[in-house]
Amino acid sequence: MQQPTPSLSSDREFVSWLQQQQISLAFTTYQTSWLCLLGTNPETGQFSAFQRQFNRAMGLYCTPERLYVSSKYQIWQLDNVLPPRQFYQGYDRLYVPRIGYTTGDLDVHDLVIDSTGRPIFISSLLNCLATLSSRHSCQPLWKPPFISKVINEDRCHLNGLAMRGEKPGYVTACSQSDVIDGWRDHRREGGIVIDIESNEIILSGLSMPHSPRWYQDKLWLLNSGKGEFGYVDLSAGKFEPITFCPGYARGLTFWKNHAIIGLSKPRTGDGTFSGLELDERLAEKNAEPRCGLLIIDLNTGTTLHWLRIDGLIEELYDVGVLPGVNRPMALGFQTPEIEKLITLEPLASSKPV
């Protein structure tokens, strides 16, 4: 059954900005287990918001023709089945779940695709970088030097992965702890960035960093516990914030000279987001934390556009951009559509094989 649409509000130019840029956005929220697709409806000139359920949706990798989404115990590949200039119920992209990889609950966070087309992901549970295995839950590829062994104990809360070129370049972790759940004791200033190739910690003193990304020859990241977005000065080993984010920032992608950042409200119950400097900075600015998206100018750090999400969704994990896509949708598993919709490749030959 199609889930109710969350309440969206934005600045007056957000919709027209999406139309001018000819892009759509995607984001995941494990709190409500949704993959959300945000485009524009040409008939109404308003947002077109579409969501499908993927249990604890987190890691997201986007191209115009394919999406990868990590869920609680699987990684899904969704492919667009619409040829150019064809529509399905008014949508110009129809993403269909085609391949599912069963991994077990590895607590998969950031997810990327390397130059060979294989998914590579962060397993926070195992404290390692991994890829898929045809026989097992995964194939571990790398672990931080301070982690003594690959074991199902979330010790340092390894979470973010940045590609540099076509291979993994950098990761973020919330601490250097080598005991189960030890990272929670270092949330305010234990965060680090590790260079995978050199196996060295190149930056420390961060607060729950997330979403490292290599873009325009810079390593960008979200210093989430302080509400900061900025870049790493690699020569000085220093983090340079360029803007403050009014929420727990997590999920980062880029389009031209813009950063697109996901925001979450504080999580209630387990205290993960509480007691951080972010709380103090919000209080200083007389601001309440919000859930939504920010569009940031990379030159000035100015927020050009914003989107607030109210209702069922209070936390986002990852965000992605879909170039050349106006109004996307996806098939889910709980409607007859996925049973009845059949699409075919062109006939390969007129002669029987």
- prompt: Is a salt bridge present between D79 and R66, judged by a nitrogen-to-oxygen distance below 4.0 Å?
  reply: yes

field: Donor-acceptor under 3.5 Å (Y215 side chain, A259 main chain)
entry: no

- prompt: Under the 3.5 angstrom rule, does the side chain of H305 hit a backbone N or O of T303 as a donor-acceptor pair?
  reply: no

query: Distance from I147 atom CD1 to C128 atom SG, nearest 0.5 Å?
result: 10.0 Å

- request: Look up atom OH in Y248 and atom OG in S224, then write down how far apart they are to the nearest 0.5 Å.
  value: 4.5 Å

message: I'd like to know whether R85 forms a salt bridge (Lys or Arg N to Asp or Glu O under 4.0 Å) with D92, so could you lay out the CA-CA distance, the side-chain angles of the two residues, the decisive distance to 0.1 Å, and finally the verdict.
response: CA-CA 7 Å; R85 295 176 295 281; D92 66 337; over 6 Å; no

statement: Rounded to the nearest 0.5 Å, the OG atom of S137 sits from the OH atom of Y101 at a distance of 15.0 Å

- request: Ignoring hydrogens and angles, state whether a donor on the side chain of D178 or S148 is under 3.5 Å from an acceptor on the partner side chain.
  value: yes

- prompt: Can you check whether L129 reaches I120 side chain to side chain, under 4.5 Å on heavy atoms?
  reply: yes

message: Side chains of N80 and E65 only: does a donor on one sit below 3.5 Å from an acceptor on the other?
response: yes

message: Salt bridge check, E337 against R52: does any charged N sit closer than 4.0 Å to a carboxylate O?
response: yes

message: Has T343 got a side-chain atom pairing as donor or acceptor with V81's backbone, closer than 3.5 angstrom?
response: no

query: How long is the span from the CG atom in L94 to the CD atom in Q89, to the nearest 0.5 Å?
result: 8.5 Å

Sidechain N-carboxylate O distance under 4.0 Å for D105, R56: yes

Face-on cation placement of R327 at Y91 ring, 6.0 Å and 45° thresholds: yes

message: Taking ring-ring contact (aromatic ring centres under 6.0 Å, His included) as the criterion, tell me which of Y95, Y61, F333 meets it with W76.
response: F333

message: Under a plain distance cut-off of 3.5 Å, with no hydrogens placed, do D11 and W17 share a side-chain donor-acceptor pair?
response: no

message: In the structure I gave you, are the side-chain heavy atoms of S9 and R308 within less than 4.5 Å of one another anywhere?
response: yes

salt_bridge(R290, E314) N-O dist < 4.0 Å: no

query: Counting only N and O atoms by type, is there a donor-acceptor contact under 3.5 Å from the side chain of N152 to the main-chain atoms of L125?
result: no

- prompt: Do Y68 and Q77 have side-chain atoms, one donor and one acceptor, less than 3.5 Å apart?
  reply: yes

- request: In sequence, state the C-alpha distance, the side-chain angles, and the governing distance for N299 and N257, and then conclude on side-chain contact (heavy atoms from CB on, under 4.5 Å).
  value: CA-CA 8 Å; N299 289 331; N257 205 46; 2.9 Å; yes

message: Are L35 and L78 packed together at the side-chain level, in the sense that at least one heavy-atom pair is separated by less than 4.5 angstrom?
response: yes

query: So, do V193 and I201 sit near enough that their side-chain heavy atoms are less than 4.5 Å apart?
result: no

message: Please determine whether a side-chain nitrogen of the Lys or Arg among R188 and E280 lies less than 4.0 Å from a carboxylate oxygen of the Asp or Glu.
response: yes

field: Main-chain N/O of T40 paired to S48 side chain as donor or acceptor, under 3.5 Å
entry: no

message: If only side-chain N and O atoms count, and only distance matters, is there a donor-acceptor pair under 3.5 Å linking T302 with T300?
response: yes

Cation-pi geometry met for R213 and W220 (6.0 Å, 45°): no

- request: State, yes or no, whether a side-chain contact exists between T28 and W34 at a heavy-atom distance under 4.5 Å.
  value: no

field: Side-chain donor/acceptor of S7 to backbone N/O of G311, under 3.5 Å
entry: no

- line: Taken to the nearest 0.5 Å, the spacing of I313 CD1 from C291 SG works out to 6.5 Å

- request: Would you indicate whether the side-chain heavy atoms of F254 and L298 approach each other to under 4.5 Å?
  value: yes

message: Does this structure show an ion pair linking R250 with E315, if we count only N-O contacts that are shorter than 4.0 Å?
response: yes

message: Any side-chain to backbone donor/acceptor pair from H186 onto W183? Under 3.5 Å, distance only.
response: no

field: Salt bridge present between R155 and E153 (N-O < 4.0 angstrom)
entry: yes

task: Without swapping roles, check the side chain of D318 against the backbone of L60 for a donor-acceptor pair under 3.5 Å.
output: yes

- request: Quick one: do T172 and N159 satisfy side-chain hydrogen bond (donor to acceptor under 3.5 Å, both in side chains)? Show the steps, please.
  value: CA-CA 6 Å; T172 51; N159 57 43; 2.7 Å; yes

message: One thing to verify: whether E197 and R164 come together as a salt bridge, which I'm taking to mean a side-chain N less than 4.0 angstrom from a carboxylate O.
response: no

message: Would you say the rings of F239 and Y231 are close, in the sense that their centroids are separated by under 6.0 Å?
response: no

query: How about D110 and Y317: does a side-chain donor come under 3.5 Å of a side-chain acceptor?
result: yes

field: Pairwise side-chain contact, L111 with I75, heavy-atom cut-off 4.5 Å (strictly under)
entry: yes

- request: Taking atom types as modelled, find out whether Q74 and S71 have a side-chain donor-acceptor pair closer than 3.5 angstrom.
  value: no

Interatomic distance, L222 atom CG to S211 atom OG [nearest 0.5 angstrom]: 4.5 Å

Exam field: side chain S33 to backbone N55, donor-acceptor pair closer than 3.5 Å: no

task: Group every Ile, Leu, Val, Met, Phe, Trp and Tyr by side-chain heavy-atom contacts under 4.5 Å, then state whether Y170 and W142 land in the same group.
output: no

Working for ring pair (Phe, Tyr, Trp, His ring centres under 6.0 Å), residues H109 and H210: CA-CA 10 Å; H109 279 55; H210 282 81; 7.3 Å; no

query: Just by modelled atom types, is the L158 backbone N or O under 3.5 Å from a matching donor or acceptor in the S124 side chain?
result: yes

message: Is the terminal nitrogen or CZ of K285 (NZ for Lys, CZ for Arg) located under 6.0 angstrom from the six-membered ring centre of F244 and within 45° of that ring's axis?
response: yes

